[in-house]
Every structure is written in structure tokens, then in C-alpha cells.
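Atoms within each ligand, like the ligands themselves, are counted from 1 in listed order. We use all heavy atoms of the structure for the numbers below, so side chains are in, but hydrogens, waters and symmetry mates are not. Numbers here are sequence positions counted from 1.
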Amino acid sequence: MSNAPIGIFDSGIGGITIYKEIHSLLPMENIIYLADSKNAPYGGKSQEKIIEYSVKNTEFLIKNGCKLIVVACNTASTNAVKYLREHYKIPFIRVQPAIKPAALNSTTKNVGILATNGTLKSELLYETSQKFAQGVHVTEQVGEGLVSLIELGKTNSSEMIKLLNKYLQPMLLKNIDQLVLGCTHYPFLIPQIKKIVGKKVNILDSGEAIARQTKVILEQEHLINNSYTKVSRKFYSNGNTAVLQYFLDTFKENLKAEKINF
Ligand code: DGL
């Protein structure tokens, strides 16, 4: 079982930002990545729909032999992981917006969070803010339209820059010094975001923390891959593989995006 792959899924290509951290911390692990791009974005959908897609993704990964699943999507993590843990036996790792470190690091006591509507209205986010952001003012902003543009590969388009300015300028007026990226697609926008918020705002995403958590759980469950066979990494998309391929090519590791009908 320990040489079985780790499964990672997202509503699209955003979870690649999580894959990158997992592969860098656990290079010996086999990986299957699934981009449900056909159904992206999840952010504005009902919880029932998000659970339905998450179940479908989970079944695909389990059928392909995965030993653990990383739900590399904040929207699915906040809305569906509880259900998945109740219905499947393998371990699930969920992503969570980095509110706790942001609140701890903030000197202005003003923190911004950019996420999808599905994540911002979730119970889990509410609980996290209640628990870790006491005494800190959190400005929430729905990143409406950002995921769709990223899925089209339009990270540098004028539409993107316009939207980012619209969402971030009001946060700057509120004197934020920490910006939490509460969606795994958004780290692709860090260069563009930095140009808007400047050096005084620290940008936080959850990639490294998720990779560390994945390692802890694999160790705990005795699932770390100790066999020294060639590592296999597969990347599937049921949408536009060209965009997935574009982001995979940035790693310069000859990774291939494969199309699946699903
Ligand atoms: N990457 C997903 C997330 O982290 C995007 C959600 C969506 O599809 O709207 O929330």
C-alpha cells in the first residue's frame, strides 16, 4: 500500500500549487492529480453540488488505487471533507485558509482574505476566524471571476489586473498587512498581486503547510513510500488540458497533462 499514489484533486488547475509543495517535500511519492476543470468554478455552487463533485473525484482516485487524498481546493475542503471522511476509509487532507498565521503576524491588526464565495460563507471559515482571529479585523473579499480567468490561462490579462485592483485596493485602504489567499488557484497570481499591494503586505497561501500535514499523516498511518522504484506522476483533466500543460511546463520536468472524460 505504501507505494500506492497520493491522490490530489481540485475543481481545476489550482491544486497544482499544492502538488508542487507536496512533491518538493515528498519527492519519492507517486502522485495522481485530478483537475475537475469541466465543473470549475465550484465557488458559487451549492454545498450539495460541491459534495457531489467531490465524491465523483474521490471515487476516481480510489479506483486508481490512491492511499490518501489531498483535497487541494478550499471550496471543496470547507464544504465536503466532513462528508468524505464519514463515507470513505482512506485519510483526507484538507486545505484551509492561513488565517491563523496571518492573525499572529499582523502588526496593523488588519488582515485581508481573498477567497471564493463557497469558502467565505462556510462554517469552517467562520469557526477558524472565531478561534484564531480574535482582536484582528478580517476583511473578506470574494474573488469573483478570478478562477474562471485562471482556468482560461488569462493570468496576465487586463481583465485580471482590473479585477485584482477592484478587490485589493479597498483592503489596502483598510491598512491590511497580511493577505490570505484562500483559494488554491490564487498563488498563480502572486506576481500580479505583489505589484498592487507592494512590499508592506505579506501574502500567505497554504501550500507548504498542507505538504507538511500530508507527511505527518503518511508517517502516522505508515504509508510513506519506502520503495525505490521510479516515481510516477500523472495529471488528468476533464477540461482544457492545454492550460494544465502550460502550468506543468513551468516546472520544466517534462510532465504531461492527460485528457479524461469524466
Ligand atoms: N481552487 C479552488 C479553491 O481553492 C477554486 C474554487 C472554485 O472552483 O471556485 O477554492
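- Nearest protein heavy-atom contact of atom 7 (C) of ligand 1 is Y42 N, 3.1 Å.
- Atom 6 (C) of ligand 1 has its closest protein heavy atom at T75 OG1, 3.2 Å.
- For E59 and K63, the salt-bridge test fails: no basic side-chain N is under 4.0 Å from an acidic carboxylate O.
- Each of the following atoms of ligand 1 lies closer than 4.0 Å to a heavy atom of D10: 1 (N), 2 (C).
- Between N74 and ligand 1, at least one pair of N/O atoms sits closer than 3.5 Å.
- The six-membered or imidazole ring of Y236 lies away from that of F262, with a centre-to-centre distance of 6.0 Å or more.
- For atom 9 (O) of ligand 1, the nearest non-hydrogen atom of the protein is G43 N, 2.7 Å.
- Checked by atom type, the side-chain pair E151/N240 shows no donor-acceptor distance below 3.5 Å.
- The shortest N or O to N or O distance between P41 and ligand 1 is not under 3.5 Å.
- Set against the non-hydrogen atoms of S11, the atoms of ligand 1 under 4.0 Å away are 2 (C), 5 (C), 6 (C), 7 (C), 8 (O).
- A donor-acceptor distance shorter than 3.5 angstrom exists from the side chain of T184 to the backbone of A72, with no hydrogens or angles considered.
- When each of I210, L124, T119 is checked for a side-chain contact (heavy atoms from CB on, under 4.5 Å) with Q96, only L124 meets the rule.
- Judged by distance alone, the side chain of S77 and the main-chain N or O of V95 form a donor-acceptor pair under 3.5 Å.
- Applying the 4.0 Å criterion to heavy atoms of H185 picks out, from ligand 1, the atoms 1 (N), 2 (C), 5 (C).
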